[in-house]
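Take a look at the structure set out below.
Within every chain, numbering begins at 1; the chains are lettered A, B, ... in the order of the sequence lines, protein sequences first and strands thereafter.
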Amino acid sequence: MGAAAPGASPLTEGNVFATSQRTHRCGDLRALHAGTSVILGGWVHRSRDLGGLVFMDLRDRAGLVQVSFNPDWSAAQVIADAAAVGVESVVLVEGVVQPRPDEMRNPDLATGDVEVRATSIRVVGPAVTPAIPVARGKNDKLPAEDLRLRHRYLDLRRPELQANLVLRHRLLQITRQFLSERGFLELETPILTKPTPEGARDYLVPSRVHPGEFYALPQSPQIYKQLFMCCGFDRYFQIARCFRDEDLRQDRQPEFTQIDIEASFIGRDDIMALSEGMVAAIWREAGHDVSTPFERMSYADAMERYGCDRPDLRYGLEIHDFTAAFAPLDFVVTKSAIDGGGRVRGIRVPGGAAWSRKQVDELEALAKGAGAGGLLRIKKAEGKLDGPVAKFLTPDAEAALALNEGDLALLVAAKDRVSHPALDRVRQECARRLGIVDDQARRFLWVTDFPMFDKDPETGALSAVHHPFTAAHADDMAAYPDAPERWRALAYDCVLNGLELGGGSVRTSDPRVQSRMFTLLGIGDVAEQERRFGFLLEGLRAGAPPHGGIAFGFDRISMLLSNGTSLRDVIAFPKTTAARALFEDAPTTVPAEDLGELHLRSTVEAK
RNA sequence: GGGGGCGUAGCUCAGCUUGGUUAGAGCACUUGACUGUCACUCAAGAGGCCGCGGGUUCGAGCCCCGUCGCUCCCGCCA
């Protein structure tokens with residue numbers, strides 16, 4: 001193999017992947033390369049030794065190509081060497097691209113019209129037998145996830161995961177380009193920040209130079225980005241890593257990436273329009289057309305019609321209120337619920353009358369699991385209504401139900417706090433059973449006008465639904481100065497098919513209003529406000545423009561656009577649900593003297 | 001913090017219901033044969049702390065208790 005000519009840069013000639021050691025990538029070779037002498041570097045994906053003839057599938061990031069070793073063009077020693085290489089070893093192969101005869105083409109392979117006739121092979125990175133297979137048969141199951149994470153250096157070689165990370169890269173680039181072109185500055189914020197006792201648990205980092213004091217890893221760059229606005233940076237974004245020390249889920253990691261955006265002199269509609277353009281650009285990069293603007297729905301509407309603040313609009317089964325029609329009924333379940341301040345609401349399921357008692361019992365179990373006392377069922381079969389309530393129904397109630405032949409009504413009689421989540425669960429399950437969820441459809445939606453505060457039903461304490469820096473509708477504050485639980489927030493969530501993609505708000509830019517919000521949230525002491533949020537309040541007092549922003553969950557977006565179901569498949573080195581990194585084996589114990597330097601002592605018994 | 005599922009060869013799994021000779025299969029691996037394969041084929045071989053600890057029993061992969069790991073869900077995630 002000849003050395004590159006001194007001074008020659010192979011990164012020219014229109015093939016940016018050529019280097020001093022290789023000329024092409026395996027997966028890039030096509031019929032047009034026929035006759036070209038090439039040097040390839042790649043991993044041995046699989047090989048087939050026919051005795052005297054060896055075929056090797058060589059893999060790199062671009063894909064697979066077949067290399068053939070044959071006495072007609074390969075020396076005996078070259079064939080012997082090829083036959084001896086183990087899978088997943090790294091080799092450099094020199095040869096000539098040749099078109100394959102028609103009957104030997106492989107239509108399943110992008111490079112299947114050609115093969116590389118090898119004249120030399122050099123093993124530059126021999127591999128031990130892989131602990132988990134990289135090359136898989138069509139019907140082979142994936143190894144267990146803990147093994148895939150433990151041997152991530154092998155799992156990430158799989159073309160599927162490579163494609164996911166390549167797509168992730170492209171989505172990052174298009175996001176940066178979109179925002180950059182619109183004057184947004186990519187500004188970095190600290191990873192070592194100030195602990196905030198609200199919200200999720202912080203990851204804490206002990207300070208060595210300040211005994212007993214701690215940094216926290218950011219749950220989001222929220223306050224910093226608002227300070228950028230106070231500084232006049234006007235338009236900010238960051239692909240920001242965020243950390244939350246909470247228990248995990250399939251779609252939740254302890255560290256995650258969000259597209260974080262903030263802008264000045266804007267209102268809600270500005271942020272929404274910008275976001276729609278960005279989301280459309282991201283989806284387009286993944287090959288999907290998205291029409292804008294997105295639908296909008298108020299929080300109150302979403303809860304009333306779907307029992308959920310991020311409704312999946314790909315199907316109907318909307319919730320209806322039958323309270324007025326059921327109020328006169330002499331039926332204890334509905335009567336007591338209504339008398340107690342509740343309502344009778346539910347959905348009509350076309351064709352549900354055919355479901356068995358057991359099937360409907362399963363739906364009731366779901367409703368009960370969500371907190372409901374039960375699920376009332378009324379079906380219309382052979383022209384008459386049937387169910388425990390049926391004999392109590394007045395003509396008015398029957399008319400209100402408006403059931404068609406074969407319909408099933410599923411009702412919950414309870415306060416909204418109970419019936420919303422119960423009906424949400426039942427509605428989703430019914431849609432799934434009916435098979436009416438179109439998985440090709442993309443129903444983007446803005447949910448707006450969230451309440452500012454959530455009131456604890458027992459203590460009466462208020463907590464922020466979005467976060468404490470969100471602005472409220474000015475007219476609500478004026479109309480109900482003493483009933484903050486009635487205020488609507490200038491907050492908005494971007495929802496796709498029942499999944500939350502992102503959320504944001506217009507912020508409170510008046511420091512006096514911000515201080516009042518803290519007071520409403522139970523931080524009435526001014527000194528306490530200054531201690532915890534002084535660095536924001538000072539910034540606001542120094543002259544703050546009206547501003548607002550939004551953050552999108554980038555991992556989840558990558559997952560959706562990779563058609564995956566697990567965040568772990570779009571993150572190179574993810575944690576397990578126990579927040580453990582199996583490959584590098586973190587977290588881990590550290591020597592007591594290291595702790596001592598940080599002024600810490602473990603309370604856990606040494607093993 | 002709570003509940004469910006899983007844990008047997010390097011990998012994917014069977015065996016457990018009803019305890020009983022030497023724990024099996026496919027793939028991978030090793031050796032051999034094979035000149036157009038592409039999940040090559042064929043033959044032979046090697047490979048096991050049945051997660052770990054304890055208990056019941058004449059006898060435990062199988063039953064019981066505990067524990068660890070992974071996973072899914074609830075709580076939690078302003």
*When rounded to the nearest Å, what value does the distance between P atoms of G47(B) and G53(B) take?*
23 Å
*Would you mind building the protein contact string for nucleotides 72-78 of chain B? One character per nucleotide, 5' to 3', B for base within reach (heavy atoms under 4.0 Å), S for sugar-phosphate only, - for untouched.*
SSBBBBB
*Separation of E88(A) atom CD from C29(B) atom C1', in whole Å?*
14 Å
*Atom CD1 of I132(A) to atom P of C29(B): distance rounded to whole Å?*
15 Å
*Qualifying residues under side-chain hydrogen bond (donor to acceptor under 3.5 Å, both in side chains), relative to S419(A), sequence neighbours excluded*: R345(A)
_Rounded distance (Å) that lies between atom C1' of G69(B) and atom CZ of R148(A)_ = 17 Å
*Please give, in whole Å, the distance from G51(B) C1' to L147(A) CG?*
12 Å
_According to side-chain hydrogen bond (donor to acceptor under 3.5 Å, both in side chains), who are the partners of Q238(A), at least two apart in sequence or on a separate chain?_
T189(A), Y236(A)
*Report which part of the nucleic acid L521(A) touches: base, sugar-phosphate, or nothing (heavy-atom distance under 4.0 Å, all strands).*
nothing
*Just grab all the salt bridge (Lys or Arg N to Asp or Glu O under 4.0 Å) pairs involving residues 26-35 of chain A, residues at least two apart or on different chains.*
R25(A)-D28(A)
_My understanding is that only residues two or more places apart in sequence, or in another chain, count here; which of them pass side-chain contact (heavy atoms from CB on, under 4.5 Å) with P159(A)?_
none
_Identified pairing partner of C58(B), criterion: Watson-Crick or G-U wobble below 3.5 Å_ = G20(B)
_Under 4.0 Å between a side-chain nitrogen and a carboxylate oxygen: does that hold for D569(A) and R148(A)?_
yes
*asked:* My understanding is that a pair needs two contacts under 3.5 Å, Watson-Crick or G-U wobble. By that rule, which nucleotide pairs with C77(B)?
replied: none
*Sequence neighbours left out, what passes side-chain contact (heavy atoms from CB on, under 4.5 Å) with D140(A)? Give chain and number order.*
R136(A)
*Applying a 3.5 Å limit to both distances, which nucleotide forms a Watson-Crick or G-U wobble pair with U41(B)?*
A33(B)
*If the P atom of U41(B) is compared with that of C74(B), how far apart are they to the nearest Å?*
45 Å
*Using the P atom in both, what is the distance from A9(B) to G48(B), to the nearest Å?*
10 Å
*Of the residues in residues 498-510 of chain A, which ones touch RNA chain B at a heavy-atom distance under 4.0 Å?*
none
*Could you let me know what C70(B) is paired to, Watson-Crick or G-U wobble, both distances under 3.5 Å, or none if it's on its own?*
G5(B)
*Set of ring-ring contact (aromatic ring centres under 6.0 Å, His included) partners for H24(A), sequence neighbours left out*: H33(A)
*Does R241(A) pair with E255(A) as a salt bridge, N-O distance under 4.0 Å?*
yes
_When you measure from the side-chain N and O atoms of T576(A) to the phosphate of C70(B), is any distance below 4.0 Å, counting only OP1 and OP2?_
yes
*asked:* What's the gap between C13(B) and U57(B) when it is taken at their P atoms, as a whole Å value?
replied: 36 Å
*Could you check R48(A), R100(A), E115(A) and say which one makes a side-chain hydrogen bond (donor to acceptor under 3.5 Å, both in side chains) with S68(A)?*
E115(A)
*Kindly write out the residues that satisfy side-chain contact (heavy atoms from CB on, under 4.5 Å) with Y215(A), not counting sequence neighbours, or none if the list is empty.*
L192(A), V205(A), S207(A)
*What nucleic acid atoms does A578(A) come within less than 4.0 Å of, heavy atoms only: base, sugar-phosphate, or nothing?*
sugar-phosphate
*asked:* I need the NZ-P distance between K141(A) and A28(B), as an integer number of Å.
replied: 18 Å
*How far, in whole Å, is C65(B) from C70(B) if one measures between their P atoms?*
23 Å
*ring-ring contact (aromatic ring centres under 6.0 Å, His included) partners for H151(A), two or more places apart*: Y153(A)
*Quick one: ring-ring contact (aromatic ring centres under 6.0 Å, His included) partners of Y299(A), sequence neighbours excluded?*
F450(A)
*Base-contact (B) and sugar-phosphate-only (S) positions in nucleotides 35-45 of chain B, heavy-atom cut-off under 4.0 Å, - elsewhere*: BBBBSB-----
